[in-house]
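This report concerns only the one structure given below.
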Amino acid sequence: MDKVVATALEAVADVPDGASLAVGGFGLSGVPNVLIKALYERGVGGLGVVSNNCGAMESGLAVLLSAGRIARVTGSYIGANKEFARQYLAGELEVELIPQGTLAERLRAGGAGIPAFYTPAGVGTQVAEGGLPWRYDGSGGVALASPPKEVREFDGTEYVLERGIRTDFALVRAAKGDRHGNLVFNKSSRNFNPLAAMAGRVAIAEVEELVEPGEIGPDAVHLPGIFVQRVVALTPGQATDKGIEQRTISAPEARGTVSN
């Protein structure tokens, strides 16, 4: 039952070229940076990544993206990642963009053994009708477009059929975890991390605080250990190394002033 692995490199040692990965995180919150760096150090490439976004500020999945290690991305947000946009428009990267809620449910459904489900999100758009550019040809043309999806009517409302997602591996980050793989996530890092772990056939979790079994109360567990196969305990330095995407402060002259 002890799922603790000594190092991140050991935890990802069997991830091969061309593997599919579900990766947790939301912006810079809850991103498994240590496991991603371990994959980078191993030189693994040709990866198919499923994640809300593909990294930012030269961190997270941006490390693998900039090195040309990612072949396909399924996600819901590109954001301000200029290298992502360059590779996509140049035809170097295949991209499937889907609504954010649909992405979350596709991951959860895959992990729960549900092959497909109907949702109203995307009805009447290219999400359902097809034609979204998955890959460009580098000259402004579309080399590969999304296919149409099944649409059915239930009680007078149209719904589009979406497939559950399963991946070879999942990389996630938790605030706390025990040796059995039970995990607790902090605030917004809970958005996609539990779902990504559920979708992976082999889920690997880096945890900021490792505790013994029984120290996390049953009602406090966000993700049961049955969904997690490997746990890596972070060092204090790794656990506190967290970026800030947008820093906003008040002007010096405005501090301490009181308005009527």
Side-chain angles (χ1 to χ4, degrees), residues 1-71 73 107 167-186 189-213 216 222-223 225-243:
M1 290 291 291
D2 191 342
K3 300 176 182 179
V4 175
V5 179
T7 67
L9 277 172
E10 183 180 344
V12 301
D14 58 346
V15 178
D17 290 340
S20 59
L21 306 173
V23 182
F26 190 78
L28 300 186
S29 176
V31 178
N33 287 308
V34 175
L35 291 171
I36 291 171
K37 183 179 179 182
L39 276 183
Y40 171 80
E41 292 175 355
R42 282 200 54 232
V44 179
L47 299 169
V49 171
V50 182
S51 185
N52 172 61
N53 59 74
C54 204
M57 298 171 59
E58 305 303 321
S59 67
L61 288 170
V63 173
L64 295 172
L65 180 76
S66 298
R69 308 282 182 78
I70 298 177
V73 174
L107 289 166
T167 60
D168 300 323
F169 293 86
L171 308 180
V172 301
R173 181 177 180 129
K176 183 184 294 186
D178 66 20
R179 293 180 178 275
H180 291 174
N182 298 302
L183 303 180
V184 176
F185 302 94
N186 186 35
S189 65
R190 191 177 175 183
N191 287 3
F192 278 96
N193 271 302
L195 309 175
M198 290 174 66
R201 293 179 177 86
V202 176
I204 309 170
E206 58 180 64
V207 299
E208 297 171 10
E209 180 185 359
L210 179 65
V211 300
E212 295 302 318
I216 303 174
H222 293 157
L223 184 73
I226 193 171
F227 291 107
V228 179
Q229 282 68 48
R230 300 170 194 168
V231 175
V232 178
L234 301 181
T235 66
Q238 291 171 333
T240 57
D241 184 15
K242 300 178 182 180

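Below, each value reflects all heavy atoms present in this structure, side chains not excepted, and no hydrogens, waters or symmetry copies.
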Between L21 and V15, does a side-chain contact (heavy atoms from CB on, under 4.5 Å) hold up when you go through it step by step?
-> CA-CA 9 Å; L21 306 173; V15 178; 4.2 Å; yes

In sequence, state the C-alpha distance, the side-chain angles, and the governing distance for R42 and L9, and then conclude on side-chain contact (heavy atoms from CB on, under 4.5 Å).
-> CA-CA 8 Å; R42 282 200 54 232; L9 277 172; 3.8 Å; yes

Any chance you could lay out the side-chain contact (heavy atoms from CB on, under 4.5 Å) test for V231 and R179, step after step, and finish with the verdict?
-> CA-CA 7 Å; V231 175; R179 293 180 178 275; over 6 Å; no

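Remark: side-chain polar atoms of N33 are paired, donor with acceptor, to backbone N or O of G60 under 3.5 angstrom. Looking at R190, its side chain never comes within 3.5 Å of a backbone N or O of H222 through a donor-acceptor pair. The backbone N or O of G45 lies less than 3.5 Å from a partner atom in the side chain of D17, making a donor-acceptor pair. Within the 3.5 Å criterion, the main-chain N or O of E208 finds no donor-acceptor partner in the side chain of R173. T235 places a side-chain N or O within donor-acceptor distance of the main-chain N or O of Q238, the cut-off being under 3.5 Å.
Annotation for I70 and L61: closest pair CD1-O, 3.9 Å, computed over non-hydrogen atoms. In terms of heavy atoms, V12 sits closest to L39 at CB-CD2, 3.9 Å. Across every non-hydrogen atom of V232 and A8, the tightest pair is CG1-N, 3.9 Å. For the residue pair G24 and P32, the shortest heavy atom distance occurs at O-CD, 3.4 Å. Across every non-hydrogen atom of L35 and I204, the tightest pair is CD1-O, 3.5 Å. The two residues G43 and R69 make their nearest non-hydrogen contact at CA-NH1, 3.4 Å.
By the salt bridge (Lys or Arg N to Asp or Glu O under 4.0 Å) test, R230 is found to be paired with D14, residues two or more places apart in sequence or in another chain being considered. Partners of V172 according to the side-chain contact (heavy atoms from CB on, under 4.5 Å) rule, which considers only residues two or more places apart in sequence or in another chain, are L183, N193, A196, A197, A205. Every residue two or more places apart in sequence or in another chain that forms a side-chain contact (heavy atoms from CB on, under 4.5 Å) with N186 is listed here: A175, S189. Remark: Q229 pairs with V202, A203 by the side-chain contact (heavy atoms from CB on, under 4.5 Å) rule, at least two apart or across chains. D168 meets the side-chain contact (heavy atoms from CB on, under 4.5 Å) test with A19, S20, R201; sequence neighbours excluded.
Rounding to the nearest 0.5 Å gives a distance of 13.0 Å between CD1 of I226 and NE2 of H180.
A salt bridge is absent between E206 and K37; no separation between the charged side-chain nitrogens and carboxylate oxygens falls under 4.0 Å.
For residues 23-32, the set of pairs meeting the side-chain hydrogen bond (donor to acceptor under 3.5 Å, both in side chains) definition, not counting sequence neighbours, comprises S29-S188.
The environment of K176 atom NZ is sparse: at most 12 non-hydrogen atoms of other residues, nucleotides or ligands sit within 6.0 angstrom.
Among V23, V31, N52, N53, the single residue meeting the side-chain contact (heavy atoms from CB on, under 4.5 Å) criterion with F192 is N52.
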